[in-house]
Amino acid sequence: MATKQKSRMFRTRVDLPADRREKLMTLLNQHVADALDLYTQVKQVHWNVKGRHFLSIHELTDAFSGEIIAFIDELGERVTALGGYVTGTVRMAAESTTLPEYPTDVIDGMDHVETIVERIGHFANSVRAAIDSSEEIGDKDTADLFTEISRLVDKRLWFFEAHLQGEGDNE
């Protein structure tokens with residue numbers, strides 16, 4: 001369950017009022033925590049997947065984990081650009097993440113895919129909500145960052161979900 005981190009603010013010439021920057025920093029730090037957790041869960045799949053789909057899932061998770069690291073950095077740098085302090089250690093993320101814990105009894109490739117799809121979907125929906133929140137707060141730059149992340153996460157969600165879909169699998 002997410003806990004509120006005490007925010008630290010530094011002087012900046014970014015012309016957003018301090019109260020709005022603080023809201024943005026809270027939003028961004030939450031996504032740093034969730035993205036760090038997602039990264040480790042994707043690596044959990046990468047290291048532990050077994051079965052006939054091993055190679056495709058192993059390679060897909062390897063590519064996605066690298067992309068996650070890149071946008072964690074972008075989120076953290078946006079916090080500091082707004083004059084904030086990033087709460088980005090593994091322990092800080094563990095205290096704040098909103099993603100469910102990854103089960104240790106998952107072994108088969110398709111079971112891993114099903115499990116990680118739930119986590120990616122949770123994160124993707126949260127990022128989409130953060131776009132709206134950033135716009136409501138009045139920061140198009142942060143909304144743009146979340147939009148960029150959303151596009152990438154939705155694409156990867158599609159790649160993972162495609163493993164679970166087939167003929168006659170319509171809504």
Side-chain angles (χ1 to χ4, degrees), residues 1-14 16-49 57-106 112-113 115-134 137 139 141-157 160:
M1 180 61 106
T3 58
K4 175 131 169 72
Q5 297 283 349
K6 181 167 175 26
S7 61
R8 222 183 263 172
M9 293 186 59
F10 299 91
R11 240 184 300 189
T12 180
R13 289 182 176 72
V14 171
L16 292 168
D19 62 322
R20 288 203 254 162
R21 287 187 292 117
E22 188 164 1
K23 289 177 185 174
L24 290 163
M25 286 180 264
T26 299
L27 184 65
L28 287 158
N29 269 314
Q30 181 61 62
H31 284 84
V32 167
D34 289 350
L36 279 166
D37 190 12
L38 182 61
Y39 169 78
T40 63
Q41 292 194 35
V42 168
K43 290 306 280 189
Q44 183 72 9
V45 175
H46 177 75
W47 295 320
N48 292 295
V49 65
I57 296 167
H58 184 77
E59 290 176 347
L60 183 57
T61 55
D62 196 38
F64 188 38
S65 66
E67 293 164 341
I68 296 169
I69 286 295
F71 62 73
I72 291 169
D73 191 51
E74 293 292 327
L75 291 163
E77 288 179 354
R78 184 66 187 151
V79 172
T80 58
L82 292 169
Y85 181 80
V86 182
T87 50
T89 70
V90 171
R91 290 181 185 151
M92 291 172 183
E95 287 180 11
S96 299
T97 186
T98 63
L99 272 63
E101 179 60 75
Y102 202 88
T104 58
D105 60 345
V106 178
H112 274 297
V113 171
T115 303
I116 204 64
V117 158
E118 292 172 11
R119 274 78 179 159
I120 298 167
H122 175 93
F123 185 77
N125 294 334
S126 177
V127 169
R128 244 184 312 288
I131 296 167
D132 294 337
S133 296
S134 299
I137 293 168
D139 185 13
D141 291 340
T142 300
D144 184 59
L145 172 60
F146 280 121
T147 300
E148 181 183 333
I149 293 168
S150 178
R151 272 197 222 77
L152 182 121
V153 173
D154 280 355
K155 183 176 181 180
R156 288 303 180 184
L157 179 59
F160 281 97

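Keep in mind it's a predicted model, so treat the numbers as computed, not measured.
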Residue pair [X] / [Y], side-chain heavy-atom distance below 4.5 Å:
X: F64; Y: I116; result: no
X: H46; Y: K43; result: yes
X: L24; Y: R78; result: no
X: L157; Y: F123; result: no
X: I120; Y: Q41; result: no

Please report the closest heavy-atom contact between [X] and [Y], naming both atoms and the distance.
X: L36; Y: G88; answer: CD1-O, 3.3 Å
X: T87; Y: V32; answer: O-CG1, 4.2 Å
X: N48; Y: H112; answer: O-NE2, 3.6 Å
X: M25; Y: V79; answer: CG-CG1, 4.1 Å
X: G83; Y: R21; answer: CA-NH1, 4.2 Å
X: Q30; Y: S96; answer: NE2-O, 2.8 Å

| Relative to each other, are the rings of F146 and H31 parallel, tilted or perpendicular (30° and 60° limits)? | perpendicular
| message | Quick one, L82 with T142, criterion side chain to side chain contact (heavy atoms under 4.5 Å, CB included). Give me CA distance, side-chain angles, the key distance, then yes/no. | response | CA-CA 10 Å; L82 292 169; T142 300; 4.1 Å; yes
| query | Quick one: do R119 and D37 make a salt bridge, cutoff under 4.0 Å? | reply | no
| query | Would you find more than 12 non-hydrogen atoms of other residues, nucleotides or ligands less than 6.0 Å from E148 atom CD? | reply | no
| task | Output, in order, the C-alpha distance, side-chain angles, deciding distance and verdict of side chain to side chain contact (heavy atoms under 4.5 Å, CB included) for F160 and T61. | result | CA-CA 9 Å; F160 281 97; T61 55; 3.8 Å; yes
| Measuring from L60:CG to S65:OG, what's the distance to the nearest 0.5 Å? | 10.0 Å
| query | Which distance, rounded to the nearest 0.5 Å, do you find between the OG1 of T147 and the CG of L152? | reply | 13.0 Å
| said: Has T97 got a side-chain atom pairing as donor or acceptor with A93's backbone, closer than 3.5 angstrom? | reply: no
| query | Does N125 use its side chain to pair, donor to acceptor, with the backbone of G121 at less than 3.5 Å? | reply | yes
| Between T98 and D34, do the side chains contain an N or O donor and an N or O acceptor separated by less than 3.5 Å? | yes
| request: Could you give me the CA-CA distance, side-chain angles and deciding distance for R128 and D154, then say whether side chain to side chain contact (heavy atoms under 4.5 Å, CB included) is met? | output: CA-CA 10 Å; R128 244 184 312 288; D154 280 355; 2.8 Å; yes
| task | Please assess I149 against L75 for the test side chain to side chain contact (heavy atoms under 4.5 Å, CB included), listing each intermediate value before the final yes or no. | result | CA-CA 9 Å; I149 293 168; L75 291 163; 3.7 Å; yes
